*Asks:* 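What follows is a structure written as structure tokens; I'll ask about it next.
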There are 2 protein chains.
Amino acid sequence: MSFLADLGLLALGSRLRAISDQLYTLADEVYRLRGLPLQGRWFPLLRLLQDQGPQAIGNIAAQIGQTHSAVSQLADRLVEEGWVTIVDDPSDRRRRCLSLTARARAVLREVRPAWKAIVQELEQRCAAADIDLLATLAKFETLLDSDLPATVVARCQASERSRVRIVGFDPALRQHFYRLNAAWLRKYFYLEAIDHRVLSEPESELLAGGGEVLFALLDDQVIGTCALKVESAGVYELTKMAVDESHQGLGVGRRLLARAIEVFKERDGTTLFLESSSRLKPALALYESMGFEHQAQPKSDSHYRRSDVYMIWKDPGGTTRGA
Amino acid sequence: MSFLADLGLLALGSRLRAISDQLYTLADEVYRLRGLPLQGRWFPLLRLLQDQGPQAIGNIAAQIGQTHSAVSQLADRLVEEGWVTIVDDPSDRRRRCLSLTARARAVLREVRPAWKAIVQELEQRCAAADIDLLATLAKFETLLDSDLPATVVARCQASERSRVRIVGFDPALRQHFYRLNAAWLRKYFYLEAIDHRVLSEPESELLAGGGEVLFALLDDQVIGTCALKVESAGVYELTKMAVDESHQGLGVGRRLLARAIEVFKERDGTTLFLESSSRLKPALALYESMGFEHQAQPKSDSHYRRSDVYMIWKDPGGTTRGA
DNA sequence: AGAATTTATGTAAGTGCTAACGTAAATCCT
DNA sequence: AGGATTTACGTTAGCACTTACATAAATTCT
């Protein structure tokens, strides 16, 4: 069991559930020893009826934090065992009001001292251990209220963002250059012959001519890539940009692009262009934000049938973004 | 839901269970958003296998605080879904060791950042709320360890003891004089004719002759009774002593007896005797401890067929016990 | 070494709860 | 007023877990 404790906040669910079960069996054991024909799990419902009089099922469910189904089923059982009766609400014939039987009220009067004893004993032990569990729990509950999952996921992404590195070509990663590009090409279009050739042999098709292939790594995982191809002296094409679908939204594309532009500048390129498709809205938005400008007429000698967009990079001045 | 909070420590079980469920759905939601094919409930098992290598089922159960059945069933499911494999332990052919598949290990590597994000977010929020939930919980867990139910029941009894009052005869309680005595008589013997007469009409049979009938009340509930009957001038018989079965162990009998002796003294009685049966060991022990002494030969003119014990009270001196 | 006990696990049945669906009654909307 | 929506509840199926029992292997005890 100490393993769960070692895991800390991660195993909190399991630990709390275990404590919860312990508390229920504590109550059951006390009831049994006192000869009270009661079950610990009935407590919230019975106590609610005792404190606040007859209640409709949905109402009870809301107050004790369970579903109406649970209350409905429990109610059936308690009726069977003679603890509550169900009367139809005359003012609203959908509702069924539960109320305690005389016997239940009598037993509950007898149970009261046991409840008191449980509370007192727990309070005393908590005081001795110098903890205020109720206050701590109350705060913790409110802290779970707001939109935790989204916040956690955002935190995940921030951490990933900081773990992403952009690196140059490495033969060991060649397969990923193919894999990442093939994935999106197959999704939106289809692989053309030229794609297959370039993706399979980046060394001869791109690097040999003075181009570059970049990879984005998340730890040791390849999640994105893009390439620069030399079309003619000083004229570079940005191409074969792809980011793994499950890692989009991390800004990987932007960083690949920024690095490609750096490379282009380092090599004193004169023109940087790209060809794309009007169907790829998010990609186009990225290109625009990085300084690419749409050209009125498409490139005359495009290699791709899918491309209907032609953009040329204009240096927007200062470094828009660091690496 | 605030109803549960109002109940404080009593509804702790329900609240903890609710929080536990919330935490599981938090984890599930995070996994879903990150595209991880994992369930929150698998975490303790998978994490254990990841941290400590292949483990036998019983071992796992002990570490994660569940039954072996639960682990066995979960294991079957995880095997079906390709997360773990089961290999028989060669050194002990009863054991089946679970170990992670390669795929599971890969996925778990990917999950790690999500775990980290969850922990960090919760830690941050806890810090902001100025609570140390883990420390509080750890203390609370140890505080549940020792024998709580028995302690609580003892506390109940102590409280009842302080709420017990001994009162004189009241016509409104006459039925209880019959009820309490009939209960034990039917259990150990049977009602003799004389019993029925005395129990039905205590006023004429006991009080009219200068006797007394005492009742023990727990709040407004009659849980014990006993009577003094005048046999002849100054000679009193202690009789019709009965304590409700579910309220024995509270010292009610002792207090009834003590009060009866007081009454006997107040009325300047000369002899106080009782008749009983050797079968009623606990009662005899009480009589002895209060100063009654066994007589060698039984009373010659006993009214009861069941009685084979005859005791006479000898004042042990100082007041043994207050009321 | 053989019998008795303990240990490790599987299986079946049951409990407490939820999600998802369905239905009747009430309410809202012109 | 009459149709659309909402509300209150029941029902079913399923999950996670438990208890109780069964069984085979290991261990202990003479």
Side-chain angles (χ1 to χ4, degrees), chain A residues 4 11 13-25 27-29 32 38-46 54-81 84 86-98, chain B residues 4 13-29 32 38-46 54-81 84 86-98:
Chain A
L4 285 186
S14 308
R15 271 174 89 186
L16 290 178
R17 163 125 204 195
I19 299 179
S20 167
D21 284 343
Q22 270 184 278
L23 288 168
Y24 279 126
T25 60
D28 286 340
E29 187 65 10
R32 197 183 61 76
L38 214 69
Q39 298 216 0
R41 309 219 170 231
W42 303 347
F43 171 77
L45 192 154
L46 293 178
Q55 300 275 323
I57 287 191
N59 211 338
I60 296 173
Q63 302 235 36
I64 68 179
Q66 293 189 344
T67 59
H68 75 270
S69 300
V71 176
S72 174
Q73 292 169 34
L74 177 56
D76 287 345
R77 172 148 181 215
L78 291 179
V79 167
E80 249 180 50
E81 305 203 10
V84 302
I86 300 187
V87 289
D88 290 0
D89 184 330
S91 74
D92 183 341
R93 279 158 46 215
R94 291 168 308 178
R95 303 170 95 124
R96 300 197 317 153
C97 276
L98 304 190
Chain B
L4 286 186
S14 307
R15 271 173 88 185
L16 290 178
R17 165 122 202 194
I19 298 179
S20 167
D21 284 342
Q22 270 184 278
L23 287 168
Y24 279 126
T25 59
L26 160 66
D28 286 341
E29 186 66 10
R32 197 183 60 75
L38 215 69
Q39 298 216 0
R41 310 220 167 229
W42 303 347
F43 172 78
L45 193 154
L46 294 179
Q55 300 276 321
I57 287 191
N59 211 339
I60 297 173
Q63 303 235 38
I64 68 178
Q66 293 189 343
T67 59
H68 76 270
S69 298
V71 176
S72 174
Q73 292 168 33
L74 177 57
D76 287 345
R77 173 150 178 212
L78 291 179
V79 167
E80 247 179 50
E81 304 203 10
V84 302
I86 300 189
V87 289
D88 290 0
D89 184 330
S91 74
D92 182 342
R93 278 158 47 217
R94 293 167 308 179
R95 303 172 95 125
R96 300 198 316 154
C97 277
L98 305 190

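Proteins come first, then strands; the chains are lettered A, B, ... in the order of their sequence lines, and each starts at number 1. Because the structure is predicted, anything quoted here is derived from the model rather than measured.
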*Asks:* Roughly, in whole Å, what's the span from CG in A:Asp88 to C1' in C:dA26?
*Replies:* 15 Å
*Asks:* Taking 5' to 3' order, which nucleotide of DNA chain D is first and which is last to have an atom within less than 4.0 Å of a heavy atom in chain A?
*Replies:* D:dT7 to D:dT12
*Asks:* Does C:dT18 have OP1 or OP2 under 4.0 Å away from a side-chain N or O of A:Thr67?
*Replies:* yes
*Asks:* How long is the span from the CG atom in A:Leu78 to the CD atom in A:Gln39, to the nearest 0.5 Å?
*Replies:* 9.0 Å
*Asks:* When only distance counts, do a donor and an acceptor, one from the side chain of A:Gln73 and one from the base of C:dT15, lie under 3.5 Å apart?
*Replies:* no
*Asks:* Within the structure, does a side-chain N or O atom of A:Arg77 lie under 4.0 Å from either OP1 or OP2 of C:dG16?
*Replies:* yes
*Asks:* For A:Asp92 and for A:Arg17, locate the closest nucleotide of DNA chain D by heavy-atom distance; then report the residue assigned to the nucleotide nearer the 5' terminus.
*Replies:* A:Asp92
*Asks:* Side chain of B:Arg94, base of C:dT9: donor and acceptor closer than 3.5 Å?
*Replies:* no
*Asks:* Measure CG/B:Asp21 against C1'/C:dA19 and give the value in whole Å, please.
*Replies:* 13 Å
*Asks:* Both A:Leu74 and B:Ser72 contact DNA chain C. Which one's nearest nucleotide lies toward the 5' end?
*Replies:* B:Ser72
*Asks:* Distance check needed: C:dA8 P versus B:Asn59 CG, whole Å only.
*Replies:* 9 Å
*Asks:* Would you call A:Arg77 and A:Glu80 a salt bridge, taking side-chain N to carboxylate O under 4.0 Å as the test?
*Replies:* no
*Asks:* On a heavy-atom basis, which atom in A:Ala56 and which in A:Cys97 lie closest, and how many Å separate them?
*Replies:* N-SG, 4.0 Å
